[in-house]
**Student:** 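This is the structure I want to talk about, given as structure tokens.
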Protein chains: 2
Amino acid sequence: MITIKDIAVEAGVSKTTVSRVLNHSGKVSENTRKRVQKVIDKYDYQPSESARALIQQTTKMIGVVIPNVYNDFYNEVLQGITQVADEKNMSLIFCNTNENPNKEEKALSMLKGQRVRGVIMALASDNPDRELRTRVEEQIAELNAPVVFIDRTLPLPNDSVIFDGFGAVYRATEELIKAGNKKIGIITGDISLKIGKDRLDGFLQAMKDYKLPINKSYIYYGNFLVDRAYELSSKMYDSGDYPEAIITSNNDTTIGFLRATRERSIELGREIAMIGIDHITILDTIGYKYSHIARDFVGTGIKAMQLLFNKIEKPYSKPKKVIMPFTVNLMGTEKRRKSKMQTLFNSKL
Amino acid sequence: MITIKDIAVEAGVSKTTVSRVLNHSGKVSENTRKRVQKVIDKYDYQPSESARALIQQTTKMIGVVIPNVYNDFYNEVLQGITQVADEKNMSLIFCNTNENPNKEEKALSMLKGQRVRGVIMALASDNPDRELRTRVEEQIAELNAPVVFIDRTLPLPNDSVIFDGFGAVYRATEELIKAGNKKIGIITGDISLKIGKDRLDGFLQAMKDYKLPINKSYIYYGNFLVDRAYELSSKMYDSGDYPEAIITSNNDTTIGFLRATRERSIELGREIAMIGIDHITILDTIGYKYSHIARDFVGTGIKAMQLLFNKIEKPYSKPKKVIMPFTVNLMGTEKRRKSKMQTLFNSKL
DNA sequence: ATGAAAGCGCTAACAT
DNA sequence: ATGTTAGCGCTTTCAT
């Protein structure tokens, strides 16, 4: 591999001068600058970032830790992250933890070894082991770089970009009530997580505020994943006793629910009303619409990066907790139409 | 940040000894090993990869260049890539080119600066500019690391993992013919790309082999993207003259086609037959099934990494071109049922 | 305006 | 079994 010395020799200058040309720093006569640049271009010379990192005691790398590449949420967040990284000329080290706390731990060690400037992190969902969680907290403290949490947080004074799950589900419940539904249920996320509990609480609070009875058997305890939501929905339908309206707690929950619903040829917006948390782009595109609360996934990634760079520049600034706004998109499935009319969801298997 | 020297001092040994403990190399007495390890653990010390890279003249980083994070294909490929990277203890530098050749160029420069060991690359689709393409070829040559192409290739002697688009579409056409369709059309990909041309050719060849007439107006020239496929499908339907059966050239093309089809409440598998290239997981999960040719996305990423590591270990091995197998999944939409029976696709808007 | 020299954190060759 | 030393490719004083 060609080095700065090779360039220097060929251009007939010192390494220092080449460095100055590379970094547009110090004084270089226009003449030598041109001569040096010509040699750089000739070999398409790129200085070693490792060597730079070593002498400058800092890198141009940001770590990105994500639990799952199949979920649109993280992909779109990643889109936002790459946008900002491009602008800032930063490289991203990508880690997929597959929702596995051990991989999360490995990822953080690796990122520490790489001396990343900062980390954007969406925690693995299942941190059942109190000890493992403490371990992650330790690692974050020892990383020597700011960490911004996305979606899921830890009780640490870090920046974070989160979603008002309570407010969103409260609002979803309200909309269902306004649309005339009284018997309302919810497929929850993992309620051992704050983001799961919050959403359930939003539902309970709205029901209370509107003085509607809560039927405990209409609360289906899920885990934010497709399979569990599918199972719960299937049992719900097969029991014969199901609510007039249901709330699904995130995109994967919605998918599991839709699967069970379609399998039984149950018509959304007629036989059962529904509002889901999260927008599912592809379903929307093909015209498979359902009422939902949407949050800005790409924007979440952008915001997280902004917080991160702010923290990198001002390490002692007060931690910020950004709550991303949501929008309500009513597409009709929040109601139950009386007549058997044409809908988007009559899927007679 | 704590360094090897700090560890050495605290453990009362030389840096060399610490290095030996870190790398399980050379001879260290059990006693000192323990003492040193204790200090390492105490500080959760991670050696600087930059410093290592510098002295060892090699990194543990693999570059991943992908044109689009919204497409399931790339996300699942990424899943495969991360799996292998984990096993091999390699880090991934992730670059999203957004189908933009300029970003592609920037990404390759950056990866060169990072001295990556190798690169997995899915080229940006639109390389209209002959000069830009030459530029990318130059950069690949100057990268000093093997590059494995995914899906799209360049006329270079590189390893690649590709898809038998010709065979897949040939097979799709055959299935449509066997199902009784005669007037068959196709929404193509970008036929200025080999992967686009191949798929069209597979269609033409099958039609020819089965001695069916090709109606040129049933060939819809797309670009592998949703919007264009939607436009083309819309015009196709609105013209009143559309084929009995249609082939969509990739997942995004399928999405655009489905959108137009659903908007018009046209029933797939009754009013029009269809086979799509690529499996769309989420549609399948919710029970929105259509006949398709599936390729193994995750496996593509795994295979690419295997080729890459093989090349890293044996730099002068002969370039391999792996053609991923495909499977045919007939779900019913390859036929046109005579009666208005219940199907998965009656979407009466 | 240019260069010489030191040094970043590590590893490896060479003592001892 | 352990340590000393040199040096990887850069940037940054400090001279000139």
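As the structure is a computational prediction, the values presented were derived from the model and not from experiment. Letters A, B, ... mirror the listed sequences (proteins, then strands); counts begin at 1.
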**Student:** Within this structure, what is the CD1-to-P distance between I55(B) and dG7(C), rounded to whole angstrom?
**Tutor:**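 Distance check: I55(B) CD1 to dG7(C) P gives 17 Å.
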
**Student:** Please tell me which of the listed nucleotides, dC10(D), dA1(D), dG9(C), lies nearest to the side chain of P47(A)?
**Tutor:** dC10(D)

**Student:** Could you give the CD1-to-P distance, from I40(A) to dC10(D), as a whole number of Å?
**Tutor:** 11 Å

**Student:** Please classify the nucleic acid contact of S50(A) as base, sugar-phosphate, or nothing, using heavy-atom distances under 4.0 Å.
**Tutor:**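 The residue S50(A) makes no contact with any strand.
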
**Student:** Measure NZ/K5(B) against P/dT5(D) and give the value in whole Å, please.
**Tutor:**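 In whole Å, dT5(D) P lies 14 Å from K5(B) NZ.
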
**Student:** Considering only side-chain heavy atoms of T17(A), which listed nucleotide, dG3(C), dG9(D), dC10(C), is closest?
**Tutor:** dG3(C)

**Student:** Specify the separation, in whole Å, of atom CG of L54(A) and atom P of dG9(C).
**Tutor:** 7 Å

**Student:** Nearest whole Å is fine: how far is dG9(D) C1' from Q56(A) CD?
**Tutor:** 12 Å

**Student:** Write down the distance between CZ (R115(A)) and C1' (dG9(C)), rounded to a whole number of angstrom.
**Tutor:**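 Spelled out: CZ on R115(A) to C1' on dG9(C) is 9 Å.
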
**Student:** Of all the nucleotides listed (dT2(D), dA12(C), dA6(D)), which has the minimum atom distance to the side chain of K15(B)?
**Tutor:** dA6(D)

**Student:** Reading DNA chain D from 5' onward, which residue's closest nucleotide shows up sooner: T16(B) or S19(A)?
**Tutor:** T16(B)

**Student:** Could you tell me how far apart Q57(B) (CD) and dT11(C) (C1') are, to the nearest whole angstrom?
**Tutor:**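 Answer to the nearest Å: 12 Å.
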
**Student:** Does the plane of the ring in F73(B) sit parallel, tilted or perpendicular to the ring in F297(B)? Use 30° and 60° as the thresholds.
**Tutor:**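 If you compare the ring of F73(B) with that of F297(B), the planes turn out perpendicular.
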
**Student:** Does R115(A) come within less than 4.0 Å of E49(B), counting only side-chain N to carboxylate O?
**Tutor:**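 Result for this pair is no, no salt bridge flagged.
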
**Student:** Just how far, in rounded Å, is C1' of dC10(C) from CZ of R20(B)?
**Tutor:**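 In whole Å, dC10(C) C1' and R20(B) CZ are 14 Å from each other.
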
**Student:** Answer whether the closest heavy-atom distance between the side chains of R117(B) and T58(B) falls below 4.5 Å.
**Tutor:** yes

**Student:** Please find the pair of heavy atoms, one from T59(A) and one from A53(A), that lie closest to each other, and give the distance.
**Tutor:** CG2-CB, 3.8 Å

